[in-house]
2 protein chains.
Amino acid sequence: MARKRFDDSNCSVARALNEVGDWWSLLIVLHAMYGTRRFVDFQQQLGIAKNILCDRLSKLVDNEVLRKVEAGEHGSRFEYRLTEKGRDLFPVVVALRQWGDKWNPAPDGKQLDLRDRATGQPIQPVSVCNSDGEPLTIRDVLVADDLKAAKDAG
Amino acid sequence: MARKRFDDSNCSVARALNEVGDWWSLLIVLHAMYGTRRFVDFQQQLGIAKNILCDRLSKLVDNEVLRKVEAGEHGSRFEYRLTEKGRDLFPVVVALRQWGDKWNPAPDGKQLDLRDRATGQPIQPVSVCNSDGEPLTIRDVLVADDLKAAKDAG
DNA sequence: CGAATAGGGTTGCATTATGAAACCAATTTG
DNA sequence: CAAATTGGTTTCATAATGCAACCCTATTCG
């Protein structure tokens, strides 16, 4: 049967996964963050089939994660650029990347080395922080009045 | 043809997506974080088909995101619990949830309300921070020596 | 005790999604 | 002008998904 969709789920993670939760979408966003903008460049860098890339790009555009703009003088050349919504996925992507680096390190041990453009200093690990900026684990937090709702949300 | 796999990709995001990048896995982890441990509870809360749930749970166990432990006195009852690797997905899940709350808010406007267990204060938005704890956007960072590698990694 | 029920799966089958490659129209480039 | 690029669409074989129906082992209920 049809793949289950979560458009109307009252779980925001489910709704988020509905937009960027498939195999390719987040990778496309990642490469867009690295500066990729053209159809062919996405295709070559990701090794994705053209029809799937078409589908994903148009869905990301529909969901306003990317914006399709005409490039080249006479049209029929396009660029796909991140919207603010798309750029806002930055912490998600970095968190995922750091998790991957930590638990499935690359064979060559290479890790993400993001630096503050202003200072040249490496960034901190992405973490959930309290109001004092102290990192918290899942055991240090509680869900206010939301746990039950989330549980039967699906 | 076979769905493309990223096991051997030298992009850690791709490798991470290989483990938790499908429709269900992150939702299972999310519910595990909310306290769900039993097969039937996952099934009912997520509305997932039993065979898919079986498959995902065993893959998550294989990837050491979950641990399958015998529960109940006489065996044949199990619990699926997060490992440290699984718990380490906390920032990813929270970041994704905050993104969903911001850009696809629930109809009832309900948002995640995570609080520091110690103080009762709400947590901060998950963000990429510099060494001083200041949040950075994607435009404030640069990728040290990694950009080219990531671009042709796929 | 016997039957019903719940937990945790597996199997079959119909429906979708995915990937590779071919094909196409409009632009650029040589 | 011919050839290659860009951005797609179409076709077809294969893999993943969802539903329902079973199975087997406990436990609970009458």
Side-chain angles (χ1 to χ4, degrees), chain A residues 1-9 14 17-28 31-32 35-63 66-81 154, chain B residues 1-9 14 17-28 31-32 35-63 66-81 154:
Chain A
M1 277 294 200
R3 163 169 286 171
K4 193 161 279 194
R5 285 266 130 78
F6 305 109
D7 314 75
D8 53 348
S9 169
L17 289 175
N18 212 34
E19 300 195 347
V20 294
D22 72 289
W23 291 89
W24 289 113
S25 297
L26 253 194
L27 286 178
I28 292 173
H31 280 253
T36 303
R37 293 178 169 181
R38 306 295 294 272
F39 187 93
V40 264
D41 294 331
F42 282 114
Q43 207 216 318
Q44 290 178 358
Q45 291 164 17
L46 292 168
I48 182 176
K50 292 167 80 176
N51 49 354
I52 306 296
L53 179 57
C54 272
D55 180 71
R56 292 305 183 281
L57 285 174
S58 63
K59 278 179 185 160
L60 288 169
V61 169
D62 286 347
N63 291 327
L66 294 178
R67 201 170 72 249
K68 184 175 185 175
V69 299
E70 292 206 355
E73 306 69 40
H74 311 72
S76 145
R77 285 290 130 106
F78 307 100
E79 288 187 357
Y80 294 88
R81 302 197 187 190
Chain B
M1 275 292 199
R3 163 170 286 170
K4 194 161 277 195
R5 285 265 129 75
F6 304 109
D7 315 77
D8 53 348
S9 170
L17 288 175
N18 212 33
E19 300 195 347
V20 294
D22 72 289
W23 292 89
W24 290 113
S25 297
L26 252 195
L27 286 178
I28 292 172
H31 280 252
T36 303
R37 294 177 169 181
R38 306 293 295 274
F39 188 93
V40 265
D41 294 331
F42 282 115
Q43 207 216 319
Q44 289 178 358
Q45 291 163 19
L46 292 167
I48 184 177
K50 291 168 80 173
N51 50 353
I52 306 295
L53 180 57
C54 272
D55 180 72
R56 293 305 181 281
L57 285 174
S58 65
K59 277 179 184 160
L60 287 169
V61 169
D62 286 348
N63 290 328
L66 294 178
R67 202 169 72 250
K68 184 175 184 176
V69 299
E70 292 206 355
E73 307 68 42
H74 314 73
S76 143
R77 288 288 135 103
F78 307 100
E79 289 188 355
Y80 295 88
R81 302 197 186 190

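Small disclaimer: the values here were computed from a predicted structure and weren't measured. Throughout, a chain's letter reflects where its sequence line sits, starting with A, and its residues are numbered from 1. Note: hydrogens, waters and symmetry copies are ignored here, and every other heavy atom, side chains too, is used.
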Taking atom P of dA16(D) as reference, at what distance in whole Å does atom CG of D55(B) sit?
9 Å
Roughly, in whole Å, what's the span from NZ in K59(B) to C1' in dA15(D)?
11 Å
For D22(B) and dA15(D), give me the distance from atom CG to atom C1', rounded to whole Å.
14 Å
List, with names and distances, any nitrogen or oxygen atoms from the protein found under 3.5 Å away from nitrogen or oxygen atoms belonging to nucleotides 7-10 of chain D.
from	atom 1	to	atom 2	distance (Å)
dG7(D)	OP1	R38(A)	NE	3.2
dG7(D)	OP1	R38(A)	NH2	3.4
dG7(D)	OP1	F78(A)	N	3.2
dG7(D)	OP1	F78(A)	O	3.2
dG7(D)	OP2	F39(A)	N	3.4
dG7(D)	OP2	V40(A)	N	3.4
dG8(D)	OP1	K68(A)	NZ	2.5
dG8(D)	OP2	Y80(A)	OH	2.4
dG8(D)	N7	K50(A)	NZ	3.1
dG8(D)	O6	K50(A)	NZ	2.4

Whole-Å gap separating P (dT17(D)) and CD1 (I28(B)):
11 Å
Pair D41(B) + R37(B): basic N to acidic O under 4.0 Å
no
Between OG1 on residue T36(A) and CD on residue Q44(A), distance to nearest 0.5 Å:
10.5 Å
Using only side-chain N and O atoms of W23(B), determine if any of them is under 4.0 Å from OP1 or OP2 of dG18(D).
no
Taking CD from Q43(B) and P from dG7(C), how many angstroms apart are they, rounded to a whole number?
10 Å
Rounded to whole Å, the CD1-P distance (I52(B) to dA17(C)) equals 14 Å
Interatomic distance where CD belongs to Q44(B) and C1' belongs to dC19(D) [whole Å]:
16 Å
Spacing of L46(B) atom CG relative to dC19(D) atom P, expressed in whole Å:
13 Å
For V61(B), side chain to side chain contact (heavy atoms under 4.5 Å, CB included) partners two or more places apart:
L66(B), K68(B), Y80(B)
Out of curiosity, H31(A) NE2 to I48(A) CD1, how far, rounded to the nearest 0.5 Å?
10.5 Å
Within-4.5 Å side-chain heavy-atom neighbours: N63(A) and V20(A)
no
Just jot down the side-chain hydrogen bond (donor to acceptor under 3.5 Å, both in side chains) partners of K50(A), sequence neighbours excluded, or say none.
none
Kindly point out which of dG18(D), dA16(D), dT18(C) is positioned nearest to the side chain of R56(A)?
dT18(C)
